[in-house]
Amino acid sequence: MSKQQPVMDWQAIKAEVHRRSMTLTELAVRSGFHKSLLRKLNTITHYEGQAALAAFIDQKPEKLWPNRYPKKSSGILDTAKYPPLESQKSNARADMSRAA
């Protein structure tokens, strides 16, 4: 399984914010966060801050920080790969006989 790479690295994110005539500090204040929060997003996880920064540069937070947003998988197990245990098999047979 290959690890998904972010669409932009931290330096590119900061450069894009500056290209749009904004600083991380000013964006944090305008978004209602502490002035240093967005500058720390490279090392800390703050989902609301990540969402505000991603929205400002027209990206999705899942694309900028893919390791912080794991892809969810089904909780259902494949019965071909994981067959029922012996104790489950006996319970299934008993349930079938009761239903008949």
Side-chain angles (χ1 to χ4, degrees):
M1 180 176 0
S2 65
K3 186 177 176 182
Q4 187 178 3
Q5 294 295 320
V7 294
M8 300 172 80
D9 66 351
W10 182 243
Q11 298 302 322
I13 292 171
K14 291 193 312 184
E16 184 62 28
V17 170
H18 290 185
R19 270 187 223 110
R20 296 175 185 228
S21 302
M22 183 67 67
T23 63
L24 293 173
T25 302
E26 183 63 26
L27 182 58
V29 171
R30 288 184 183 191
S31 299
F33 302 120
H34 187 272
K35 65 182 181 178
S36 66
L37 177 74
L38 296 186
R39 293 188 313 238
K40 298 178 184 178
L41 286 183
N42 189 31
T43 56
I44 66 166
T45 301
H46 190 277
Y47 292 110
E48 293 86 5
Q50 291 170 189
L53 178 56
F56 182 74
I57 60 173
D58 298 324
Q59 293 286 335
K60 292 186 177 184
E62 300 86 18
K63 298 285 186 186
L64 297 175
W65 297 279
N67 59 335
R68 298 181 188 179
Y69 294 87
K71 192 171 188 177
K72 295 182 180 171
S73 63
S74 172
I76 300 172
L77 294 178
D78 182 10
T79 56
K81 188 173 181 181
Y82 302 102
L85 301 173
E86 287 300 318
S87 61
Q88 292 171 329
K89 290 178 184 175
S90 63
N91 288 341
R93 282 186 229 130
D95 289 341
M96 281 194 226
S97 64
R98 286 186 206 143

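Once rounded to the nearest 0.5 Å, the distance linking NE2 of H46 with NE2 of H34 reads 11.5 Å. Here the straight-line distance linking atom CG of L37 with atom CD of E48 works out to 9.0 Å at 0.5 Å rounding. The CG atom of N42 sits 8.0 Å away from the CD1 atom of I13 when rounded to the nearest 0.5 Å. With values rounded to the nearest 0.5 angstrom, L53 atom CG is found 7.0 Å from L64 atom CG. Rounded to the nearest 0.5 angstrom, Q59 CD and W65 CH2 are separated by 10.0 Å. Atoms CE and CD1, from M8 and I57 in turn, are 4.5 Å apart once rounded to the nearest 0.5 Å.
Smallest separation of non-hydrogen atoms from N67 and P70: O-CD, 4.5 Å. The heavy-atom pair separating R39 from K35 by the smallest distance is NH1-O, 4.0 Å.
Looking only at side-chain heavy atoms (C-beta outward), W10 and L41 come within less than 4.5 Å of each other. Residues L27 and R20 have side chains not in contact (no heavy-atom distance under 4.5 Å, counting atoms from C-beta outward).
V17 and V29 end up in different hydrophobic clusters when Ile, Leu, Val, Met, Phe, Trp and Tyr side chains are linked at under 4.5 Å. Following chains of ILVMFWY side-chain contacts shorter than 4.5 Å, one can reach M22 starting from L38, so the two form part of one hydrophobic cluster.
Between Y69 and Y47, the angle of the ring planes goes over 60°, which puts this pair in the perpendicular group of the 30/60° scheme.
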